[in-house]
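Taking it in order: structure first as structure tokens, then the write-up.
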Amino acid sequence: MKLTDILKPNSVLCNVEARSKKHAIEVVAKLICRDRTQLAETDTFSSLIDRERLGCTALASGIAIPHARVTGIEAPAGSLIQLSTAIEFDKIDDTDVDLIVGVVVPEDYPADNNGFRDLVADLSNPARLAALREARSSSELYDAAVAHYGNGPDEGTDEPEVLAHQAVRRR
């Protein structure tokens, strides 16, 4: 799964002011559904929230990837937001999140597909994260998201926190 495959220019939004994690996921769901008439915004939001209740989808480096399976699509779809102010995302290490990539996949999407792992690895690239954070407009954010795809983490860095999204934090 590549960012270039799941993002459209109008599914990316820069400088979002989110009041909470729930509000941020609501924005993500709206962007995913913007040009996808087969997806219902409320169902997409509910699916993302239900999945988030199973375990926090925040990763290292202030990024979160809320994701869910939904009906009505044939291929993965996504959105990206850059928050104007980082928010708490219930991450185990209490790191606030300022970049959120929302992803929905079809109900029958193979569980053993490495697409999600590839996406996480790509988003672990420090140069890409810096470019995403430096973007000052939605078009700059989109360009930063789809540029340099496939570089992976910088050589010599620690392996990305690939399975962090599976950590479950119970209250």
Side-chain angles (χ1 to χ4, degrees), residues 1-36 39 41 44-45 48 51-52 56-68 73 75-91 93 95-105 109 113-165:
M1 181 182 316
K2 300 176 184 177
L3 281 171
T4 53
D5 295 336
I6 64 169
L7 292 180
K8 295 181 178 186
N10 64 352
S11 67
V12 175
L13 193 57
C14 187
N15 235 358
V16 173
E17 292 195 26
R19 299 179 301 274
S20 64
K21 173 180 167 177
K22 186 175 180 180
H23 182 234
I25 292 174
E26 182 179 19
V27 173
V28 163
K30 284 181 183 188
L31 290 171
I32 289 173
C33 296
R34 188 175 265 176
D35 282 338
R36 295 176 179 94
L39 286 176
E41 190 178 306
T44 301
F45 172 70
L48 290 167
R51 166 54 188 90
E52 194 67 30
C56 181
T57 57
L59 306 175
S61 305
I63 190 164
I65 308 177
H67 55 282
I73 59 172
S79 64
L80 167 65
I81 63 174
Q82 176 208 71
L83 301 176
S84 57
T85 304
I87 59 171
E88 181 191 339
F89 219 81
D90 298 329
K91 188 167 183 306
D93 71 0
T95 303
D96 288 345
V97 166
D98 65 342
L99 295 169
I100 302 173
V101 177
V103 180
V104 294
V105 297
Y109 195 70
N113 186 299
N114 286 330
F116 194 77
R117 179 179 296 232
D118 294 342
L119 179 64
V120 171
D122 187 57
L123 288 168
S124 298
N125 179 313
R128 178 180 302 282
L129 291 175
L132 293 173
R133 289 187 170 108
E134 290 170 6
R136 295 296 166 241
S137 70
S138 296
S139 62
E140 284 182 20
L141 185 61
Y142 177 78
D143 290 346
V146 299
H148 319 338
Y149 184 80
N151 292 345
D154 283 351
E155 193 170 318
T157 61
D158 293 334
E159 187 168 335
E161 195 177 328
V162 172
L163 300 177
H165 69 281

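Numbers here simply count residues along the sequence, with the first being 1.
- Salt bridge status for D98 with R133: present, with a side-chain N to carboxylate O gap under 4.0 Å.
- Within the 4.5 Å cutoff, side-chain heavy atoms of R136 are placed close to those of Q82.
- We find the CG-OH distance between L13 and Y142 to be 15.0 Å, quoted to the nearest 0.5 Å.
- No side-chain heavy atom of E26 sits under 4.5 Å from any side-chain heavy atom of K22.
- The heavy-atom pair separating C33 from L39 by the smallest distance is SG-CB, 3.7 Å.
- Taken to the nearest 0.5 Å, the CD1 atom of I100 stands 7.0 Å off from the CD1 atom of I25.
- Annotation: the span from D96 atom CG to L83 atom CG amounts to 10.0 Å, rounded to 0.5 Å.
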Would you sort out whether V120 and I65 count as a side-chain contact (heavy atoms from CB on, under 4.5 Å), showing the intermediate values? CA-CA 8 Å; V120 171; I65 308 177; 3.7 Å; yes
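- Of all heavy-atom pairs between S84 and E17, the closest is OG-CG, 3.1 Å.
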As a quick check of understanding, evaluate side-chain contact (heavy atoms from CB on, under 4.5 Å) for I81 and V12, giving each step before the final call. CA-CA 6 Å; I81 63 174; V12 175; over 6 Å; no
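- For the pair L123/V101, a side-chain contact is recorded, criterion being any heavy-atom separation below 4.5 Å from C-beta on.
- Residues A145 and R128 approach most closely at O-NH1, 2.6 Å, considering heavy atoms.
- Minimum heavy-atom separation, I32 to S79: CG1-OG, 3.4 Å.
- Rounding to the nearest 0.5 angstrom, the gap separating the NZ atom in K8 from the CZ atom in R34 is 11.5 Å.
- In this structure, CZ on F89 lies 13.0 Å from OG1 on T95, to the nearest 0.5 angstrom.
- Inter-residue side-chain proximity for V105 and H67 is flagged as unmet; no heavy-atom pair is nearer than 4.5 Å.
- Shown here for E88 and K21, the closest heavy-atom pair between the two residues is O-CB, 3.9 Å.
- At a threshold of 4.5 Å between non-hydrogen side-chain atoms, the residues D118 and K2 do not count as touching.
- Remark: S11 OG to R36 CZ distance equals 5.5 Å, nearest 0.5 Å.
- Put simply, the side chain of S138 gets close to the backbone of C14: a donor and an acceptor are under 3.5 Å apart.
- Across L31 and L80, no two heavy atoms sit closer than the pair CD1-O, 4.2 Å.
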